[in-house]
Amino acid sequence: MDADAAATSIWAKPFARIPLARRQQILTLLVAAAAIAFPLVHDNDADIDSAANAAAYATLALGLNIVVGFAGLLDLGYAAFFAIGAYAYGILTSFQVMPHWGPFWEPFAWLELVQRMPQPGGDVVHFTVSFWIMLPVSALIAAGFGVLFGAPTLRLRGDYLAIVTLGFGEIVPIVVRNVDSVTNGAAGLNGIQAPMIYGHSFGVNAWPYYYVAIALVALLIFVSVRLRDSRIGRAWMAIREDETAAAAMGVDRTRTKLLAFATGAAFAGATGTFYVAKLQTATPEMFGFPVSVMILVMVVFGGMGSVWGVVVGAVSLQLLQSWFLEDISGWIHALGRAVHMPWMEQIDLTQSIELIFGLILVFMMLYRRDGLIPATRKQSALTYEQQHADVRRGGFSVLTGLGEVAGRAHAGLEVKGVTVRFGGLVALNAIDLTVPAGGVLAVIGPNGSGKSTLFNAITGLTPADGGAIRFDGKDILGLPPHQILRRGIARTFQNIRLFTNLSVLDNILIGQHARLKTGPIAAVFRPPFTRREEAAAREWATEIMTLFGNRLLPRATQTVSHLSYANRRRVEIARALGSRPKLLLLDEPTAGMNPAETLELAEQIKSLHALGLTILLIEHKLDVVTRLADTVVVLDHGEKIAEGTPDAVRNNEAVLQAYLGRGTLAEGLVHA
């Protein structure tokens, strides 16, 4: 061990004894104490005002982090919601909108929301809505606009969504400029009321605004953390990782994305009210596209999805703009005078802030894509005992709670005349099959025969062009995937579709999404029923991981991207089991496993059937099919060419012809 490593070990050893959660609490308290003490030890109004501005941008970054970092929705017009919150307060407290007084306004005057002002042409109304009331009201107004804007647009993805949000971000300032009677156009609103407390106005003093900004940051950090670690946050991150898999696991994509958009808009709306109350003016130029880009850079710089990261990133970049660039420019001017270079005395780095932010973004993408404080931390290495796993025989003996749903009698699955076309290609042609309740049916066929398309049609991921699909006696054809999951049909995928940047535990908890009830309000406040529900969900997930021995349980907190291929297959099955299904669709579950692992998993699947699950299986390994299935259906080029017992299908000439192109020994199919 070299001297540096020894010194690091000496310094780290005392802290290593403190649990991670306690260390985080201590660090949070130290940061909070430093933030509270700053105006007391640094009596400089300009610096305190800059710090208040930095805190305001931190709240904006927290809101955009919900949209971009948690839900993965690229929003290039985020400043529009900032503007909506700002003008909502500005219009209701400035002297811009002053309707004529009438009896209608008397109740509002009694509530101190308006004042009656005498004018030569008759008395008028002056709005005096309290800043403290408008903080949550502006958040609700901005959230409402977020829903109105998001409802028709959030079905778009990627670049298309980014372009639409960019357009919305440009529309709002244009509307503000052109509605002179309400917003005073390009001249902006002036005389916006400063906040008051106990009858005393904040005026132009920097320190009360600073403390309000710090309180907002603390509140929104609390809300962000609570949402992130809840059923809602897991659904957002599932959509960010893989929308198709999220839908198959019971997440309502449109509703969940709307909630993310509305939540981020609410953060921006409240910040807008604070910002214009501090400046006591509002102009359209304050909310243009560069503001949206700057906030996005702050999120990327701090670490997308990292709550503390985006706060650090926002504060750092805002203070860079307001403090450090001015100081650096001064040093360059002094150097220019010293070396007699007049051009150096003309440099003003604050005028190049957009260029500097662009360079920062480029360097982060090149050298530290996860940001200053990554959302996902490195996990400690497993011990030899945790890594080593022996093949376990016999399957699962019990899984508490699976029978609560799976064990109930149901009518099974009926597929009648289902046809799926992709343009001129017929992927499935009038397919019929029946999976009786409590049965195991295997679907086999060569690659491209339509097996996975059949699964996609059953689970709502691919629309069918004809036919009928009934499950448990009810028609499910045409239902969205999340509703089909709630009916009791869960699945895995041929090409594994896990949420690779989330942990094993989180993947299984997302599988339970449709069985949990916690909404956004309960996620933030965590009443007793929410805590009980979350504890039960984690206990159920742990029980499922325990079934697989030490293959998954020691890796519960590891991100899925670090797992072996076989363990990813196990996680996908565990995630499907988390939804407590009645019917389990397994798409080539043993693919990529060696013979011993294949036998182990086959016995586990057989034991799941014994515990009450109905199973529909796609599998190429005929020995697995023979071991598990009661009935086998064979597809070829979208047509059903055979159905029967495994032995009968194994010797069917049409099946051998489909697999091998010619008649041959049935045993050859084992290796197909």
Would you check if the side chain of Glu639 reaches a backbone N or O of Ile641 as a donor-acceptor pair within less than 3.5 Å?
-> no
Could you give me the CA-CA distance, side-chain angles and deciding distance for Ser452 and Gln494, then say whether side chain to side chain donor-acceptor pair (under 3.5 Å) is met?
-> CA-CA 7 Å; Ser452 293; Gln494 178 183 7; 3.0 Å; yes
Pairs in or reaching into residues 459-468: which pass side chain to side chain donor-acceptor pair (under 3.5 Å), with residues at least two apart or in two chains?
-> Thr459-Arg491
Compare all side-chain heavy atoms of Val632 with those of Ile444 and state whether any distance is below 4.5 angstrom.
-> yes
Check whether any side-chain heavy atom of Thr542 lies under 4.5 Å from a side-chain heavy atom of Ile508, and answer yes or no.
-> no
Here the pair of heavy atoms bringing Ala442 nearest to Val625 is CB-CG1, 3.7 Å
Heavy atoms only: give me the nearest Arg231-Leu516 pair and the separation to one decimal.
-> NE-O, 3.2 Å
Any side-chain donor-acceptor pair under 3.5 Å between Thr518 and Glu534?
-> no
Where the side chain of Thr256 meets the backbone of Arg253, is there a donor-acceptor pair that is under 3.5 Å apart?
-> no
Would you kindly say whether Thr492 and Glu572 are connected by a side-chain donor-acceptor distance under 3.5 Å?
-> no
Mind checking side chain to side chain donor-acceptor pair (under 3.5 Å) for Asn501 and listing every partner two or more places apart, or none if nothing turns up?
-> Glu241
Tell me, with the steps shown, if Met237 and Phe499 meet side chain to side chain contact (heavy atoms under 4.5 Å, CB included).
-> CA-CA 8 Å; Met237 289 182 276; Phe499 311 118; over 6 Å; no
Partner set under side-chain contact (heavy atoms from CB on, under 4.5 Å) for Phe145, not counting sequence neighbours | Phe81, Ile84, Ile141
Least distance between heavy atoms, Ser579 atom then Ala490 atom = OG-CB, 3.4 Å
Determine whether more than 12 heavy atoms belonging to other residues, nucleotides or ligands lie under 6.0 Å from atom CE of Met304.
-> no
Mind checking what makes side-chain contact (heavy atoms from CB on, under 4.5 Å) contact with Gln558, not counting sequence neighbours?
-> Gln379, Leu382, Arg555, Leu563
Please assess Leu608 against Leu584 for the test side chain to side chain contact (heavy atoms under 4.5 Å, CB included), listing each intermediate value before the final yes or no.
-> CA-CA 9 Å; Leu608 288 174; Leu584 182 61; 4.3 Å; yes
Over all atoms of both residues, closest heavy-atom pair of Asp587 and Phe455 = N-CE2, 3.8 Å
When you measure from the side chain of Thr590 to the backbone N and O of Met593, does any donor-acceptor pair fall under 3.5 Å?
-> no
Decide yes or no for Leu585 and Leu583: does some side-chain heavy atom of the first lie under 4.5 Å from some side-chain heavy atom of the second?
-> yes
Less than 4.5 Å apart, any side-chain heavy atom of Leu505 and any of Thr557?
-> no
Charged N-O contact under 4.0 Å between Glu533 and Arg538 | no
Near Tyr565 OH, under 6.0 Å, is it more than 12 heavy atoms from other residues, nucleotides or ligands?
-> yes
Do Thr614 and Lys582 get their side chains close enough for a donor-acceptor pair, meaning under 3.5 Å?
-> no
Do other residues, nucleotides or ligands put more than 12 heavy atoms under 6.0 Å from the CZ atom of Arg526?
-> yes
Distance under 6.0 Å and angle within 45° of ring axis: Arg580 vs Trp540 | yes
Which pairs pass salt bridge (charged side-chain N to carboxylate O under 4.0 Å, His left out) with one or both residues in residues 427-437, sequence neighbours excluded?
-> none
Straight-line distance of Ile605 CD1 to Ile573 CD1, nearest 0.5 Å = 5.0 Å
How far apart are the closest heavy atoms of Ser561 and Arg568, and which atoms are they?
-> O-NH2, 2.9 Å
Taking all heavy atoms of Ala629 and all of Pro646, pick out the closest pair and write down the distance.
-> O-CG, 3.6 Å
Under 3.5 Å, side chain of Arg155 to main-chain N/O of Ala151, donor-acceptor pair present?
-> yes
Enclosure of Phe529 CZ (heavy-atom neighbours >12, cutoff 6.0 Å) = yes
Expected output: side-chain Thr434 to main-chain Pro436 donor-acceptor under 3.5 Å = no
Do any N or O atoms from the side chain of Asn652 and from the backbone of Ala648 form a donor-acceptor pair under 3.5 angstrom?
-> no
If only atom types and distance count, is the side chain of Lys416 paired as donor or acceptor with the main-chain N or O of Gly467 below 3.5 Å?
-> no
Answer whether the closest heavy-atom distance between the side chains of Arg575 and Met249 falls below 4.5 Å.
-> yes
If you measure from the Lys or Arg side-chain nitrogens to the Asp or Glu carboxylate oxygens, is any gap between Glu243 and Arg157 under 4.0 Å?
-> yes
Test side chain to side chain donor-acceptor pair (under 3.5 Å) applied to Asn447 - qualifying residues, sequence neighbours left out = His620
Just wondering, do Thr244 and Arg497 contact through their side chains at under 4.5 Å, heavy atoms?
-> yes
What's the spacing between Asp242 CG and Ile496 CD1 if we round to 0.5 Å?
-> 12.0 Å
Pairing residues for Thr376 by the side-chain contact (heavy atoms from CB on, under 4.5 Å) criterion, not counting sequence neighbours | Thr559
Partner residues of Lys451 under the salt bridge (Lys or Arg N to Asp or Glu O under 4.0 Å) criterion, sequence neighbours left out | none
Would you find a donor on one side and an acceptor on the other, under 3.5 Å apart, between the side chain of Trp236 and the backbone of Ile66?
-> no
Salt-bridge criterion met for Glu600 and Arg551 (N-O under 4.0 Å) | yes
Hey, does the side chain of Tyr78 reach the backbone of Val67 with a donor-acceptor pair shorter than 3.5 angstrom?
-> no
Phe70 side chain near Val307 side chain, heavy-atom distance below 4.5 Å | yes
Salt bridge (Lys or Arg N to Asp or Glu O under 4.0 Å) partners for Glu539, two or more places apart = none
Check: Asn651 side chain, Asp647 main-chain N or O, donor-acceptor pair, under 3.5 Å = yes
State, yes or no, whether a side-chain contact exists between Thr263 and Leu259 at a heavy-atom distance under 4.5 Å.
-> yes
Sorted by chain and residue number, the salt bridge (Lys or Arg N to Asp or Glu O under 4.0 Å) partners of Glu643 (sequence neighbours excluded) come out as Lys640
For Leu428 and Arg421, what are the C-alpha separation, side-chain angles and deciding distance, and is it a side chain to side chain contact (heavy atoms under 4.5 Å, CB included)?
-> CA-CA 7 Å; Leu428 293 176; Arg421 295 185 180 91; over 6 Å; no
With sequence neighbours excluded, tell me which residues meet salt bridge (Lys or Arg N to Asp or Glu O under 4.0 Å) with Arg486.
-> none
Take Phe493 and Leu461 through the side chain to side chain contact (heavy atoms under 4.5 Å, CB included) test and state the conclusion after the steps.
-> CA-CA 12 Å; Phe493 292 86; Leu461 295 176; 3.7 Å; yes
Residues that Leu477 engages under side-chain contact (heavy atoms from CB on, under 4.5 Å), provided they are two or more places apart = Ala464, Ile469, Asp475
